[in-house]
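A short worksheet on the structure shown next.
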Number of protein chains: 2
Amino acid sequence: MAATGGAGRPEKRRAITRAAAVVFGREGYLRAGMDAIAAEAGVSKRTVYNHFADKETLFLSVALQSSAELRERTRDLMAACLDPAVDLRQGLVDFAVERARAVLSAGEPGTPGTPGEPGGQGGLAAHGGHGALGRAIRAEVANIPADVLEAWVEAGPTATLRDLAAHFEALAARGLLVVEDAGLAAEQYTLLTFHGIAERSFWGAVPVPDEEVGRIAEAGVDAFLRIHGAPAVRS
Amino acid sequence: MAATGGAGRPEKRRAITRAAAVVFGREGYLRAGMDAIAAEAGVSKRTVYNHFADKETLFLSVALQSSAELRERTRDLMAACLDPAVDLRQGLVDFAVERARAVLSAGEPGTPGTPGEPGGQGGLAAHGGHGALGRAIRAEVANIPADVLEAWVEAGPTATLRDLAAHFEALAARGLLVVEDAGLAAEQYTLLTFHGIAERSFWGAVPVPDEEVGRIAEAGVDAFLRIHGAPAVRS
DNA sequence: GTCTATACAGGGATAGAC
DNA sequence: GTCTATCCCTGTATAGAC
């Protein structure tokens, strides 16, 4: 009887959350219908209500899950681009570009992308990208309970800033960066290399050409290194 | 008979657009009802449909008007803070703080603010702020015709970037800034001093303490001056 | 016993009619 | 200015199927 409990087959529950991410991302919270979510999941509407008390509960559950998933995916990209650091500037540019692609790409079906890429499979954003769901959340921010919104921010953006700050501290210890406040440096890097693209594309709603993504990422990294680059690297 | 023509008393039309800005900003596009807009304007619902063909037309009309108004208001703030420029750093900080207040403040009724302040009266954002309407537009971005969205961006954010770039070029000519690409510098200033606050507050939906706005503005200006400050100013 | 399919009650919205 | 036609959506109830 527990509405949000573990009733029913877990595979059905996963199909519902995945379908909800697709439909909420595509239509937004208010326009999305529970009928459409049930159809996308290949499940009866009654089954949806068997696993989730109502539309809002389903949306908030999917939002929190997506936030944590995107943080993990971003942390993997960070490690792949910043840990080797044979070329710091190139690593910072690569991470900016890959992050923009991961968050903002619409996941167009015409381009299969890299099918064998690990870490990107089975997540909530198999079709539509995390950006679409993030847009739906931002659109409903005024109607989301404060504690849930705080949990979403903490599990996603804030945790990612912490991950990035840890990397910057490690780079500073190796003499490649000069940072007093690693958290501030992480925020400035994110603003200079990512938020310009996010804002221009309205968090993935409007496509931005790859060429321009690369241009903005390079300009952002150059500005960041003027603030925090070690003298040897800055030149 | 022209739906969007100048039928009816212009005062009624202004009352409708102002009411629409209030209600759309408060409730968002989908949740806002034409009944509530008519009631807020103090006119009959029939009068609303007499001036605007339908809900979408009204929304897009108000969006474009608000975009142009916010651009003018921001340009005034820019001139007031950056033209004297007895202290460049202080001027850049003041503009960042005033801009954040103008865009993101919820216009709480308990604080009458500065009643005699010129330029802020009679606009669409008398109650609720331009940020609230901007949030409603961003929430509906996927459902707005591409040409209208482009016009909104051009009349608001892009025009403001151009205004700021012109100021930076003047400051560079006076030897206070070092900029190769004034447009890029304007974008970096906006990112470093404004977008962090906008994102943290979700474009005005969640309040940010004045103290923190000031802190972020100062840190952003310091970073900006490390990139573009003239050597005499940078120290 | 859980899932599917469908039908239905209740509320609210837009847009038009009187 | 009020009143109403029409549609859509959430959430529930009623059937039967693996």
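Since we're looking at a predicted model, the values are computed, not measured. Sequence lines set the chain letters: A, B, ... in the order given, protein chains first and strands last, and positions in each chain run from 1.
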Rounded to whole Å, NE2 of B:His51 lies from C1' of C:dA15 at a distance of 17 Å
Heavy-atom distance under 4.5 Å between the side chains of B:Thr160 and B:Leu70, does that happen here? no
Is there a side-chain contact between B:Trp203 and A:Arg138 (heavy atoms, below 4.5 Å)? no
What is the distance, rounded to the nearest whole Å, between atom CZ of B:Arg31 and atom P of C:dG11? 19 Å
Can you see whether A:Thr57 engages A:Asp54 through a side-chain donor-acceptor pair at a distance of less than 3.5 angstrom? yes
Identify whether any heavy atom of A:Asp35 sits under 4.0 Å from a base atom; if not, whether one sits that close to sugar-phosphate; answer base, sugar-phosphate or nothing. base
Take the protein atom CE of B:Met34 and the nucleotide atom P of C:dG16, then report the distance between them rounded to whole Å. 10 Å
Electrostatic pair B:Arg31-A:Glu140, nearest N-O below 4.0 angstrom: yes
Could you tell me how far apart A:Phe24 (CZ) and D:dC9 (C1') are, to the nearest whole angstrom? 13 Å
Quickly work out the A:Glu27 CD to D:dT10 C1' distance and round it to whole Å. 16 Å
Residue whose nearest DNA chain D nucleotide is more 5′ - A:Lys55 or B:Arg46: B:Arg46
So which nucleotide from C:dC3, C:dT4, D:dG11 ends up closest to the side chain of A:Val43? C:dT4
With heavy atoms under 4.0 Å as the rule, sort B:Ala32 into base, sugar-phosphate or nothing. sugar-phosphate
Under 4.0 Å between a side-chain N/O of A:Asn50 and OP1 or OP2 of C:dT2, yes or no? no
Could you go through the ring pair (Phe, Tyr, Trp, His ring centres under 6.0 Å) check for B:Trp152 and B:Phe59 one step at a time? CA-CA 12 Å; B:Trp152 180 84; B:Phe59 180 66; over 10 Å; no
Looking at A:Lys45 and D:dG11, is any side-chain donor or acceptor paired with a base atom of the opposite kind under 3.5 Å? yes
Could you state the atom-to-atom distance from CD of A:Glu56 to P of D:dC9 in whole Å? 19 Å
Atom-pair distance (CD on A:Glu40; P on C:dT4), nearest Å: 15 Å
In whole angstrom, what separates A:Tyr49's OH from C:dT6's P? 18 Å
Does C:dT4 have its OP1 or OP2 closer than 4.0 Å to a side-chain nitrogen or oxygen of A:Thr47? yes
